[in-house]
Amino acid sequence: MTASEHRKAPPSLVSKDEASPCLDSDAYLFDIDGTLLNTQDLIHYRALNRAMRDVYGADTTIDGIAYHGKTDLGILKAALERVGVSDDVFATRLPAALDIVRHDVDQNAHAFAPKVCAAVPELLARLQSAGKLLGVASGNLEVVGWHKVESAGLRSFFSFGCFADRYENREDVFQRAVEEVQRRLRLEATVCFIGDTPSDIRAARHAGARVIAVATGIHKREDLLSHEPDFCVNSCAELVQIIAM
Ligand SMILES: [Mg+2]
């Protein structure tokens, strides 16, 4: 390459210097949907809709709710508020509704067909062999989240998971996940979340952790960058590339 060609070369999307604070973390906590995998089956969607119909008598769906980045509880609450279900009724019937979601997903889990996001198994294998603690931090209910991770063939990488069975807000799930890292490693352990939505970035900040945003969900890299994650990549393939540098 001549000097002038070199000057015209586009800057690499990945930079080890920029990423290295994140890649020195003691623990990595992965969001599921849009980060580890994407699902196209309607198993989770149908379970949430049946819970609203059978428990609240609400003839509605989660369509139109901005559910990316929301917890299952948050999705149900937003969809039911829209059809006039009060906070009191929502809370009183919630345990029965969550039982339906867990039951239906459990019954249909064999049909989960997740598409694993680019280079995710390679990234997890590299982090695992580097001795990092790996966990899942997701807005899914626990049964739902583990079924997805299991059907994607990724379960064996993770030591633990924190889910939204008791939390409406992602901030609370991520805070709980950081506490679990501290309990398993030490109080000063450094934590890096990996997620695909602005909600992941906000929740990681709230928990005092680092965050890498990946554009493998519905948000483009430019959208995610405007929320100022510590690092942002098009996919986990770029992280694998950096680690290998
Ligand atoms: Mg996600």
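Just follow the structure's listing: the first ligand is 1, and inside any ligand the first atom is 1. Quick note: numbers below take in every heavy atom, side chains included, and nothing from hydrogens, waters or symmetry partners.
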Return the name of the atom in [X], of element N, O or S, nearest to the Mg ion (ligand 1).
X      : result
Asp33  : O
Asp31  : OD2
Asp196 : OD1

Discussion item. With a 4.0 Å cut-off on N to O distance, would you call Asp230 and Arg205 a salt bridge?
Written reply: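 Answer for the salt bridge query: yes.
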
For the Mg ion (ligand 1), does an N/O/S atom of Asp200 lie at less than 2.8 Å? no

>> Does Asp63 have more than 12 heavy atoms from other residues, nucleotides or ligands lying within 6.0 Å of its CG?
In response: yes

query = Under 4.5 Å between any side-chain heavy atoms of Asp33 and His68, yes or no?
reply = no

Check whether any side-chain heavy atom of Tyr167 lies under 4.5 Å from a side-chain heavy atom of Leu73, and answer yes or no.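 Not in contact.
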
